[in-house]
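Below you'll find the structure, written out as structure tokens, and then a few comments.
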Amino acid sequence: MKTQNDNESIPLNQGNINCHIPDDVCRQARLSRDARFDGRFFIGVKTTGIYCRSICPASPPKEHNVVYFDSSIKAAEAGLRPCLRCRPDSAPQSNAWKGTSSSLQRAINLIDHGCLTGENAESLTDLATRLGISSRYLTKLFNQQLGTSPKKYALYRQLMFAKQLLHQTQLPITDVAMAAGFNSIRRFNEVFKSQLQLTPSQLRRSLSPSKSSKLSESNKDKGAQGINLLLDYRPPYDWPQLWAFYQVRAVEGMEWLNEDNHAYGRSFSIVFDELEIRGTFEVAEVKGKNQLSLAVQFEDEQHIGYLFQVVQYVRKILDLDADMEVIEASFEPLTSMGMKVASGLRIPATASVFEAGCRAVLGQQVSVVQASKLLNVLAVNYGDKAVIGHREILFFPKPQQVAAAGLDEFKMPGARKRALNGLGEFVAHNPLSSPEAWIEVKGIGPWTIAYAKMRGESDPNIFLAGDLVIKNRIKALIAKQDLALGTATEFTAKDYQQLAEKISQQVSPWGSYLTFQLWKNDEN
DNA sequence: CGGAATTAATG
DNA sequence: CATTCTCCTGGG
């Protein structure tokens, strides 16, 4: 008896299976510098020992000198150094495994959000425990899928971030090391040199002077102190659309918007075991570049060591790493029914799950405009204030503050006030709970929870089939189809449920994106 | 820069 | 799970 276990015995030194995208697709993409492939594969050049993004402005190397990798870490593991022109460090993250709920994916997510990085870094064992697996299995997964260890992966991400800071900011090198989460400059220099074959100061000196002066000028424009960076994304990204979404829901003092450059800023507060990191971030459109500019200010400048985490946090809020090409392809079942796709529509998240929950509760049964009026009252009456960069900034109320809020000034049903208080109390007592657990709170139902998961946890797979707007949109699509085909579909509530179930499966794991599409569609 | 202490990788 | 090996950091 022979067992078929080809998949089990993947050799650790993966020979020519570095890239899951076919070579000829990669070749075409790199020759046309196709931004849609940015971050989905990397080009290693054997002769120079350098690896690039698909959009690299350098003249393309000959095909026979080229090796393709599906992740930048694999290229780095092969002994190649990141290109100084296209800067693979700031490429959008996109990986074949994205959107799966595997332990590996969750581990990568946590590491990308800095859990192994910085002064109070978690140990590998802690991380493994959090995922419910052994540390042994975790390292095994990394070796199988990425060809490297968790620690090396984390280090590589730190290093790439440091490189980005050296390129894009004027920060002193010690600050760069701290901001990237290194605890000693000694180690920073060592790792940097081993991977990039340059010292940090050499890299900074090698910058073209025109570029750095341009950057500092644009920083002056905003009059902004703090740290300015550029965030790359892979098109399509309809930022003005997201900007508008935030605009109608904005809380004055906590969020601010500027129509001219589609700037959006807000306060944030992130808690890392006991330590609260507060500050503001502001993003704005960079025309024609597939980038947003980002300015971060910490309330306490000592917290610069958390910059890496903050940048990841912003990327998540603005959904910069979504792979829209894959996501939009999954809409096919509905586009074939005549749904128009608003391309580049991503999931605008909130600063915390709790905030998403409050927004959801205050949005029950009322219009968006009314909901944001209520939200403004809540924030201004119960939230903290602090001065950051000569400006008074409002923070979204903490769970404790909402729990204790009198809410007498609110014109809404008592039941909803109690739901809001109850939510605050519940989250205050179970700060790490997921929205699913909120079902215990009276007045919080499945819709509220689903909304919180979508906007608060960036869960990509929330298809709100029961939402009234969604229901109407789908019914309208059926009617449209009937009209075109001359048929008349019988449509009971049960039929709808079945259809919704089917759609939900077809679009999985991207249900949230379809939800937003259908909401958007309704506005037209 | 070197080396002691600690943590991660591996069979 | 025990051994080897790499990483990390405080001090010279």
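Because only heavy atoms are used, hydrogens play no part in the values below, and waters and symmetry mates are left out as well, while side chains stay in.
- Separating the CZ atom of A/Phe142 from the P atom of B/dA8 is a distance of 13 Å, rounded to the nearest angstrom.
- For the pair A/Ser149 and B/dA9, the criterion of a side-chain N or O lying under 4.0 Å from OP1 or OP2 is met.
- Smallest separation of non-hydrogen atoms from A/Ala360 and A/Tyr451: CB-CD2, 3.5 Å.
- For A/Tyr156 and A/Ser72, the side-chain atoms include at least one donor-acceptor pair closer than 3.5 Å.
- Across all strands, A/Ser135 comes closer than 4.0 Å to no nucleic acid atom at all (heavy-atom distances).
- Atom-to-atom, CG of A/Leu138 to C1' of B/dT10 comes out at 14 Å; the value is rounded to the nearest Å.
- Taking the six-membered ring where the residue is Trp, the centroids of A/Tyr51 and A/Phe69 are separated by 6.0 Å or more.
- A straight line from CG of A/Leu155 to C1' of B/dA8 spans 13 Å, rounded to a whole angstrom.
- Stacking of A/Arg346 on the aromatic ring of A/Trp239 is not recorded, the 6.0 Å distance cut-off and the 45° axial limit not both being met.
- For the pair A/Arg266 and A/Phe281, the cation does not sit on the ring face, since its NZ or CZ is not both under 6.0 Å from the ring centre and inside 45° of the axis.
- Here A/Asp232 pairs with A/Arg53 in a salt bridge; the nearest charged N to carboxylate O distance falls below 4.0 Å.
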Polar atoms only, N or O, under 3.5 Å: list the protein pairs with nucleotides 2-4 of chain B and their distances.
from, atom 1, to, atom 2, distance (Å)
B/dG2, N7, A/Arg186, NH2, 3.3
B/dG2, O6, A/Arg186, NE, 2.9
B/dG2, O6, A/Arg186, NH2, 2.6

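- Looking at A/Arg40 and A/Asp70, no side-chain N of the basic residue comes within less than 4.0 Å of a carboxylate O on the acidic one, giving no salt bridge.
- Where DNA chain C meets chain A (any atom under 4.0 Å from a heavy atom), the bounding nucleotides read 5' to 3' are C/dC1 to C/dG10.
- Salt bridge annotation for A/Arg30-A/Glu63: present, with a cationic side-chain nitrogen under 4.0 angstrom from a carboxylate oxygen.
- The ring-ring contact (aromatic ring centres under 6.0 Å, His included) test with A/Phe308 singles out one residue from A/Phe272, A/Phe182, A/Phe161, A/Tyr313, and that residue is A/Phe161.
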>> One pair to check against side chain to side chain donor-acceptor pair (under 3.5 Å): A/Trp510 and A/Glu328. What are the steps and the verdict?
In response: CA-CA 9 Å; A/Trp510 311 117; A/Glu328 286 169 13; over 6 Å; no

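- The nearest whole Å value for the distance from the OH atom in A/Tyr137 to the P atom in B/dT10 is 16 Å.
- In this structure, A/Arg187 places its CZ atom 13 Å from C1' of B/dT6, rounding to the nearest Å.
- Remark: the A/Tyr233 side chain and the A/Arg315 side chain contain no N/O donor-acceptor pair separated by less than 3.5 Å.
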> According to the Watson-Crick and G-U wobble definition with distances under 3.5 Å, which dot-bracket string, read 5' to 3', encodes DNA chain B, using [ ] for crossing pairs and | for pairs with another strand?
Replying inline: .......||||

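- When the C1' atom of B/dA8 is taken as reference, atom CG of A/Asn143 falls 12 Å away, rounded to whole Å.
- Between A/Ile111 atom CD1 and B/dA8 atom P there is a gap of 11 Å when expressed in whole angstrom units.
- Residue A/Asn189 contributes atom CG, which lies 11 Å from atom P of B/dC1 at whole-angstrom precision.
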